[in-house]
Participant: 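Have a look at the structure that comes next, please.
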Amino acid sequence: MITLHYNPGNASLFPHLLLRELGVPFELAFVDRDAGAQSSPAYLKLNPAGKIPVLIDGDLVLYETVAIGLYLADAYPQAGLAPAPGDPDRPAYYRWMAQITNTLQTEFRAWFYPAEFTTDPAGVPAVQAAVGARITAAFERIDALLGAGPWLLGERLSAADLYLLMMTRWGRTLPKPARLLPNIGAHAARLLARPAVAATFKAEGLEAPFV
Ligand SMILES: N[C@@H](CCC(=O)N[C@@H](CS)C(=O)NCC(=O)O)C(=O)O
């Protein structure tokens, strides 16, 4: 049995969306961040960085959101959420997964936790403003690349689309919410109409507006 250690709306949302789209059995293990459970000795044995998510699959213990996504999408090829090695779409898929983890998810860390990125408390608002502008610029580039889509790989839905949806959701907190970008907004709406996506948000207790 697969277990996903999660907290609602956290970086675990992407692997959770993916598990439901893949249609595989899994269970959720709630990580109580309010109680600091991600820093408990038991959790640090799973992920020494004390971060959510962690995926357990039999003897495998895997952390880092993008690694979990790549692993799951490849483990269930029948769902078609990752172009197979050798498929002409595979390099673009790699690029999207890398781009989302490096350019958006990493920058969101500084948006949500700006105090970690300066030793000067007075500089915290400036750090957040600067990274907010960088994230918005990244979303604008993705919006242009996405175009009419309907998906990041064109006609083909992939795990990268679910990853982008999590970023679009996080992007609702920006001065210019990501959903206001026309192609990204339409992309999110298409995904939110999918039963597996709706079921994921419901299971996490997340309420509209979702992005
Ligand atoms: N690079 C990690 C980052 C994960 C991450 O920052 N998770 C956040 C939740 S979205 C977390 O666990 N925060 C709790 C903390 O930093 O104590 C990944 O992609 O898995």
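These numbers come from the heavy atoms of this one structure, side chains and all, not from hydrogens, waters or symmetry mates.
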Participant: Counting only heavy atoms not in Glu116, do more than 12 fall under 6.0 Å of its CD?
Facilitator: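 Buried by this count: over 12 neighbours within 6.0 Å.
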Participant: Measuring from Leu70:CG to Asp74:CG, what's the distance to the nearest 0.5 Å?
Facilitator: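 The CG atom of Asp74 is 7.0 Å from CG of Leu70, to the nearest 0.5 Å.
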Participant: Minimum heavy-atom separation for Trp96 and Ala160, please, with both atom names.
Facilitator: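 Heavy atoms only, the tightest pair is CB-CB, 3.9 Å.
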Participant: Work out which heavy atom in Val31 is nearest to a heavy atom in Gln38; give both atom names and the distance.
Facilitator: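 Looking at all heavy atoms of both residues, the closest pair is CG1-N, 3.8 Å.
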Participant: For the atom pair CZ (Phe26) and CZ (Arg20), what is the distance rounded to the nearest 0.5 Å?
Facilitator: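 Output value for this atom pair is 4.0 Å.
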Participant: Please tell me if the side chains of His187 and Pro150 come closer than 4.5 Å, counting only heavy atoms from C-beta onward.
Facilitator: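 Of all side-chain heavy-atom pairs linking Pro150 with His187, none is under 4.5 Å.
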Participant: What I'd like to find out is whether the side chain of Met167 reaches to under 4.5 Å of the side chain of Ile142, using heavy atoms alone.
Facilitator: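 Counting from C-beta outward, Met167 and Ile142 never come under 4.5 Å.
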Participant: Using 0.5 Å steps for rounding, measure from the CG atom of Leu81 to the CG atom of Asp161.
Facilitator: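 The CG atom of Leu81 sits 9.0 Å away from the CG atom of Asp161.
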Participant: Can you tell me how far apart CZ (Phe14) and OG1 (Thr101) are? Round to the nearest 0.5 Å.
Facilitator: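 It is 9.5 Å, given to the nearest 0.5 Å.
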Participant: Locate the shortest heavy-atom distance separating Val66 from Met97; write the atom from each residue and the value.
Facilitator: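 Minimum heavy-atom contact is CG2-O, 3.8 Å.
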Participant: Side chains of Tyr163 and Thr65: do they bring a donor and an acceptor to under 3.5 Å?
Facilitator: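 Their side chains do not contain a donor-acceptor pair, so the 3.5 Å distance test is not met.
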Participant: Any non-hydrogen side-chain atom of Phe117 less than 4.5 Å from a side-chain atom of Gln128?
Facilitator: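 No, too far: nothing below the 4.5 Å cut-off.
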Participant: Same cluster or not: Leu180 versus Phe108, using hydrophobic residues (I, L, V, M, F, W, Y) connected whenever any side-chain heavy atoms lie under 4.5 Å apart?
Facilitator: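 No, Leu180 does not connect to Phe108 through the hydrophobic network.
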Participant: In the structure I gave you, are the side-chain heavy atoms of Tyr63 and Leu46 within less than 4.5 Å of one another anywhere?
Facilitator: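 No, every pair of side-chain atoms sits at 4.5 Å or beyond.
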Participant: Quick check: is Trp111 connected to Val127 through a chain of hydrophobic side chains (ILVMFWY, heavy atoms under 4.5 Å apart)?
Facilitator: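 Not linked; separate clusters.
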Participant: Check for a donor-acceptor pair, side chain of Asn10 on one end and backbone N or O of Ser12 on the other, with a separation under 3.5 Å.
Facilitator: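 Here the side-chain-to-backbone pair does not exist.
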Participant: When you group the ILVMFWY residues by side-chain heavy-atom contacts below 4.5 Å and let the links chain together, are Leu174 and Phe112 in the same group?
Facilitator: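 They do share one cluster, since a chain of ILVMFWY contacts under 4.5 Å joins Phe112 to Leu174.
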Participant: Verify the cluster assignment for Tyr94 and Leu62: are they in a single hydrophobic cluster under the rule of side-chain heavy atoms below 4.5 Å apart?
Facilitator: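 Different hydrophobic clusters.
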Participant: Could you work out, with ring pair (Phe, Tyr, Trp, His ring centres under 6.0 Å) as the rule, every residue matching Tyr43, not counting sequence neighbours?
Facilitator: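 Result, ring pair (Phe, Tyr, Trp, His ring centres under 6.0 Å) vs Tyr43: His5.
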Participant: Should the heavy atoms of other residues, nucleotides or ligands under 6.0 Å from CZ of Arg134 be counted, would the total exceed 12?
Facilitator: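 Counting other residues, nucleotides and ligands, CZ of Arg134 stays at 12 neighbours or fewer.
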Participant: Is there a continuous path of hydrophobic side-chain contacts, each under 4.5 Å between heavy atoms, that joins Leu164 to Leu206?
Facilitator: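 In one cluster with Leu164: Leu206, yes.
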Participant: Measuring from atom CG of Leu145 to atom CG of Leu152, what distance do you get when rounded to the nearest 0.5 angstrom?
Facilitator: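 Rounded to the nearest 0.5 Å, the CG-CG separation comes to 9.0 Å.
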Participant: Which pair of heavy atoms, one from Gly9 and one from Trp170, lies closest together, and at what distance?
Facilitator: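 Heavy atoms only, the tightest pair is O-NE1, 3.0 Å.
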Participant: Between Asp143 and Asn183, is there a donor-acceptor pair closer than 3.5 Å when you use the side chain of the first and the backbone of the second?
Facilitator: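 Such a contact is found between Asp143 side chain and Asn183 backbone.
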Participant: Roughly how far, to the nearest 0.5 Å, is OG1 of Thr168 from CD1 of Ile184?
Facilitator: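 Ile184 CD1 to Thr168 OG1: 5.5 Å, rounded to 0.5 Å.
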Participant: What I'd like to find out is whether the side chain of Phe201 reaches to under 4.5 Å of the side chain of Arg169, using heavy atoms alone.
Facilitator: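 With C-beta onward as the side chain, the pair touches.
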Participant: Is a donor from one side chain sitting under 3.5 angstrom from an acceptor on the other, for Tyr71 and Asp57?
Facilitator: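 Asp57 and Tyr71 do have a side-chain donor-acceptor pair below 3.5 Å.
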Participant: Show the numbers, then the answer: is there a side-chain contact (heavy atoms from CB on, under 4.5 Å) between Leu72 and Val24?
Facilitator: CA-CA 10 Å; Leu72 285 173; Val24 296; 5.7 Å; no
Participant: Which pair of non-hydrogen atoms, one from Leu4 and one from Pro53, has the smallest distance, and what is that distance?
Facilitator: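 Heavy atoms of Leu4 and Pro53 come nearest at CD1-CB, 4.0 Å.
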Participant: Are Pro209 and Arg172 packed together at the side-chain level, in the sense that at least one heavy-atom pair is separated by less than 4.5 angstrom?
Facilitator: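 When only atoms from C-beta onward are counted, Arg172 and Pro209 do not touch, as no gap falls below 4.5 Å.
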Participant: Can you name the nearest heavy-atom pair linking Pro121 to Pro125, along with the distance?
Facilitator: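 Taking Pro121 first and Pro125 second, the nearest heavy atoms are O-CD, 4.2 Å.
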Participant: Under 4.5 Å between any side-chain heavy atoms of Val197 and Leu162, yes or no?
Facilitator: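 With C-beta onward as the side chain, the pair touches.
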Participant: Strictly distance-based, threshold 3.5 Å: is any side-chain N or O of Arg194 a donor or acceptor partner for the main-chain N or O of Leu191?
Facilitator: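 Side chain of Arg194 to backbone of Leu191, a donor-acceptor pair under 3.5 Å: no, none is there.
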Participant: Look at the side chain of Arg179 and the backbone N and O of Ala188, then say whether any donor-acceptor pair between them is shorter than 3.5 Å.
Facilitator: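 Checked: no pair found.
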Participant: Side chains of Leu181 and Lys176, heavy atoms from C-beta outward: is any pair under 4.5 Å?
Facilitator: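 Yes, side chains in contact.
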Participant: Output yes when a side-chain donor or acceptor of Asn47 lies under 3.5 Å from a complementary backbone atom of Ile52, and no otherwise.
Facilitator: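 No; judged by distance alone, with no hydrogens or angles, the pair does not exist.
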Participant: Any side-chain to backbone donor/acceptor pair from Ser40 onto Ala37? Under 3.5 Å, distance only.
Facilitator: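 Here the side-chain-to-backbone pair exists.
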Participant: Tell me, please, whether Tyr93 has Arg90 positioned over its six-membered ring: NZ or CZ under 6.0 Å from the ring centre and within 45 degrees of its axis?
Facilitator: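 Output no; distance or angle outside limits.
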